[in-house]
*Asks:* 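The structure's right below; bear with me while I get my questions together.
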Amino acid sequence: MSLRNIKIFFDETNINFFAWSGVYNGFIYSPYVKRFVGGKLSGCITRIENDHGYWGVDIKKWNQLGKIVQTKLENEELDVLGNLKSLEEVGSCLLSHADKVVGKDLSKISNGQLITWLKYAWKNNVDLYGIGFLGVVSDFEHNYLSGSLATILEKRSTPNHPTQSYLSKLISSDQPDLNWKERLELLRIIRKFKTLNTIKKSKEFQIHIKKYSWLNYGFQGPIWTENDFVKRIKAILSTKTINEQLVEHLNNFRKIKKEQAGLEEKFALTKHEKYLFKCARILMFTKAYRVNVRHKIQYTFDLVFQELGKRFYQPIYFFRYARIEEIVDLINGKNLDMVAILSRRKLMLEIIDNGKRKFVSPSKIVRVCNKFIIKEKKITGNILHGHSAYVGVARGNAKLIFGLEDLLKVKNGDILITISTTPDLLPAMVKAKGFVTDQGGITSHAAIVAREMKKPCVIGTKFATKIFRDGDLVEVDANKGIVRKII
């Protein structure tokens, strides 16, 4: 095996093999990676146990690719606009392809048609991640992009407006994604029907639920229910007037662009420096767009799997832990080792090495992981530094989140601390006063959500989940990128 010094980059719950393999197959096999990054990964390790996954790659190779991207960026050779255009083209195909399934009677679709649908969706899904790899490798873990942007701002920093504050504002996405559009439509429905009871009875509200129930689906759900939308409406009705919120929402990106232009002028940024920040903003949007598409296509995959489960008498997790080729073989009537596929959910390890992939025998998983995965160092102390995703200062009780079972721990005003956030954590993020993550760069899920919710957030601290404990009183100073325990 040529893989060495494996660093675990992603540690997530509520995931599955099929969904995750779409991601890293894109990172490794899609030709878009070489086209936009200029290099590619040679392999990876994926370990999943009961829908809890770890994914890692050779840290040296990852950093090499990050440096390639950073060099191209500094030389103004990074095709971020071409990357966004390709992403939107593939994303549009996936969204349209999903619409062929969502809301349809799948029992009337033949096996052959489902095979055609699956192959097309899989190919484009892999390419979606291959294109999106640029935004991930540009900053994740090594923070090359955010570090270079922070360096530009260091000389403009003041005690009242530190570097992290400027950085957060200048890299914020300046264009709307589907989450923004969904909220706009919901606000307009609320303005039209005014009261909760009238809203719930309206046809427009029921259409809205069907249109956007998948928007927070993640890798395997659940979808938003009517009750989830009702909770959001109640929160909206309890704050400012609807007209005020509508005006604020409509002016959001105009305000962001004005602030960014003002900072560029105030600090006399050079043409090259403006270019670097513009690229960062585009990469922020590409990540948000890719996540939107991912939610819908994963929701649609599961609809197809539910139908196939009825036809072939298999639970949905059979398909969630099968390779695309195995699913096609099942539909075509070929014999499969069903027990082996079903057992993957309990514990599995897949290795891709120099493009070749294989499953490791469960009895050898511990030995393989101990041999190739870098062991983490023990860290002590009460202060951590990271990068600001959204400015502000928040104090509250720390609540560590490692899985869905921990979400109920988070109460209003707490500080949510986790390895990395996923859409499944949104209910807890709504309650929390601020966020802290071990992992993630400026295009991470936590960074995007923090800006949408306008809550202080420090990302990439590396060790927050290791040195803080539930109940610790902590301060998140996202103006300076610092998290500290208050003694």
Side-chain angles (χ1 to χ4, degrees), residues 139 143-174 248 252-253 255-269 273 276-277 280-281 284 381-399 412-418 420-421 429-465 467-468 472-487:
D139 200 62
N143 300 123
Y144 291 148
L145 175 57
S146 54
S148 68
L149 297 178
T151 299
I152 293 172
L153 298 176
E154 285 292 342
K155 57 186 175 182
R156 282 96 167 180
S157 181
T158 67
N160 292 329
H161 295 283
T163 296
Q164 292 290 336
S165 176
Y166 298 145
L167 180 62
S168 176
K169 291 180 180 179
L170 283 167
I171 64 177
S172 293
S173 174
D174 57 4
E248 184 179 288
N252 181 59
F253 293 104
K255 180 182 177 181
I256 289 174
K257 289 179 180 179
K258 185 177 180 180
E259 287 182 345
Q260 290 170 342
L263 287 174
E264 289 177 348
E265 181 179 356
K266 178 180 179 180
F267 301 132
L269 297 187
E273 290 169 340
L276 296 177
F277 281 104
R281 291 193 287 270
M284 284 293 298
N382 294 315
I383 300 178
L384 287 176
H385 291 79
H387 292 275
S388 173
Y390 189 78
V391 295
V393 179
R395 285 188 176 190
N397 292 321
K399 294 295 173 65
N412 290 330
D414 286 340
I415 302 298
L416 188 153
I417 300 177
T418 187
S420 62
T421 69
M429 296 176 81
V430 170
K431 297 178 183 178
K433 189 184 292 185
F435 319 133
V436 180
T437 69
D438 289 350
Q439 302 172 346
I442 59 175
T443 63
S444 66
H445 177 267
I448 294 170
V449 173
R451 290 182 175 87
E452 289 176 349
M453 294 186 177
K454 297 180 172 56
K455 293 184 178 182
C457 175
V458 176
I459 54 177
T461 63
K462 297 185 185 296
F463 309 108
T465 60
I467 70 170
F468 298 121
D472 285 348
L473 183 59
V474 298
E475 179 181 78
V476 181
D477 187 347
N479 294 329
K480 299 178 181 178
I482 295 174
V483 186
R484 69 184 181 93
K485 180 179 177 180
I486 302 172
I487 306 298

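What's counted below: heavy atoms across the whole structure, side chains too, no hydrogens, waters or symmetry copies.
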*Asks:* With heavy-atom distances below 4.5 Å as the criterion, would you say the side chains of I256 and N252 are in contact?
*Replies:*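 With C-beta onward as the side chain, the pair touches.
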*Asks:* Got a salt bridge between K257 and D174, using NZ or NE/NH1/NH2 to carboxylate O under 4.0 Å?
*Replies:*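 Not counted as a salt bridge, because no side-chain N and carboxylate O are separated by less than 4.0 Å.
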*Asks:* Please report the interatomic distance CZ(F463) to CG(L384), rounded to the nearest 0.5 Å.
*Replies:*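 That separation rounds to 8.0 Å.
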*Asks:* Which one of D414, T418, D472 satisfies the side-chain hydrogen bond (donor to acceptor under 3.5 Å, both in side chains) criterion with K399?
*Replies:*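 Among D414, T418, D472, the one meeting side-chain hydrogen bond (donor to acceptor under 3.5 Å, both in side chains) with K399 is D414.
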*Asks:* Please answer whether the main-chain N or O of V458 pairs with a side-chain N or O of S388 as donor and acceptor at a distance below 3.5 Å.
*Replies:*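 No; judged by distance alone, with no hydrogens or angles, the pair does not exist.
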*Asks:* With rounding to the nearest 0.5 angstrom, report the NZ to CG distance, K433 to N412.
*Replies:*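 If I round to the nearest 0.5 Å, the distance is 10.0 Å.
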*Asks:* For the atom pair CG (N382) and CD (E475), what is the distance rounded to the nearest 0.5 Å?
*Replies:*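 Answer rounded to 0.5 Å: 13.0 Å.
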*Asks:* Just by distance, do the side chain of T461 and the backbone of T437 share a donor-acceptor pair under 3.5 Å?
*Replies:*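 Flag set: sc T461 to bb T437 pair under 3.5 Å.
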*Asks:* Output the distance between atom CG (L170) and atom OG1 (T163), rounded to the nearest 0.5 Å.
*Replies:*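 One finds 11.0 Å between CG of L170 and OG1 of T163.
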*Asks:* Are E264 and R281 within salt-bridge range, i.e. N to O under 4.0 Å?
*Replies:*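 Salt bridge: yes.
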*Asks:* Contact between I482 and I383 at the side-chain level, heavy atoms closer than 4.5 Å - yes or no?
*Replies:*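 Yes. Closest side-chain heavy atoms under 4.5 Å.
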*Asks:* Check A389 against A447 and note the closest heavy-atom contact, atom names and distance.
*Replies:*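 That would be CB-CA, 3.5 Å.
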*Asks:* Please evaluate residues F435 and M453 with respect to the criterion side-chain contact (heavy atoms from CB on, under 4.5 Å), reporting the C-alpha separation (whole Å), side-chain torsions for both, the decisive distance (0.1 Å), and the verdict.
*Replies:* CA-CA 11 Å; F435 319 133; M453 294 186 177; 3.9 Å; yes
*Asks:* Would you mind reporting whether I152 and Y166 have side-chain heavy atoms less than 4.5 Å apart?
*Replies:*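 They are not in side-chain contact.
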*Asks:* More than 12 non-hydrogen atoms from neighbouring residues, nucleotides or ligands closer than 6.0 Å to CD on E154, yes or no?
*Replies:*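 Yes, the 6.0 Å shell around CD holds more than 12 heavy atoms from other groups.
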*Asks:* Are the side chains of R451 and C457 in contact, using a 4.5 Å heavy-atom criterion?
*Replies:*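 Side chain of C457 against side chain of R451, heavy atoms only: no contact under 4.5 Å found.
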*Asks:* Between atom CZ of R156 and atom CG of L269, what is the distance when rounded to the nearest 0.5 Å?
*Replies:*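 One finds 5.0 Å between CZ of R156 and CG of L269.
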*Asks:* Looking at S173 and M284, what are the two nearest heavy atoms and their distance?
*Replies:*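 In terms of heavy atoms, the two residues are closest at CB-CB, 4.1 Å.
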*Asks:* Run the side-chain contact (heavy atoms from CB on, under 4.5 Å) check on N479 and V393 step by step: do they pass?
*Replies:* CA-CA 7 Å; N479 294 329; V393 179; 3.6 Å; yes
*Asks:* Does F468 reach the side chain of I415, with side-chain heavy atoms less than 4.5 Å apart?
*Replies:*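 Side chain of F468 against side chain of I415, heavy atoms only: no contact under 4.5 Å found.
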*Asks:* Is the shortest side-chain heavy-atom distance between K462 and D438 below 4.5 Å?
*Replies:*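 A side-chain contact is absent here, since even the closest heavy-atom pair is not under 4.5 Å.
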*Asks:* Considering all heavy atoms of both residues, which atom of D139 and which atom of Y144 are nearest to each other, and what is their separation?
*Replies:*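 Result for this residue pair: OD1-N, 3.6 Å.
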*Asks:* Within this structure, what is the CZ-CD1 distance for the pair R395 and I486, rounded to the nearest 0.5 Å?
*Replies:*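 With rounding to 0.5 Å, CZ (R395) is 3.5 Å from CD1 (I486).
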*Asks:* Between K455 and V430 (side chain of the first, backbone of the second, donor and acceptor by atom type, cut-off under 3.5 Å), is there such a pair?
*Replies:*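 Side chain of K455 to backbone of V430: a pair is present.
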*Asks:* For a quick test of reading the model, state the closest non-hydrogen atom pair linking S146 to L167 and the distance between them.
*Replies:*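 What the structure gives for the nearest pair is O-CD2, 4.1 Å.
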*Asks:* Which pair of heavy atoms, one from T421 and one from A446, lies closest together, and at what distance?
*Replies:*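 In this case the closest contact between T421 and A446 is OG1-N, 3.1 Å.
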*Asks:* Given side chains that start at C-beta, do those of Q260 and S172 come closer than 4.5 Å, heavy atoms only?
*Replies:*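 They are in contact (side-chain heavy atoms under 4.5 Å apart), so the answer is yes.
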*Asks:* Please examine the side chains of H445 and M429, heavy atoms only from C-beta on, and report whether any two atoms are closer than 4.5 Å.
*Replies:*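 M429 vs H445: side chains touch.
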*Asks:* Among all residues two or more places apart in sequence or in another chain, which pass the side-chain hydrogen bond (donor to acceptor under 3.5 Å, both in side chains) test with S420?
*Replies:*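 Expected list: none.
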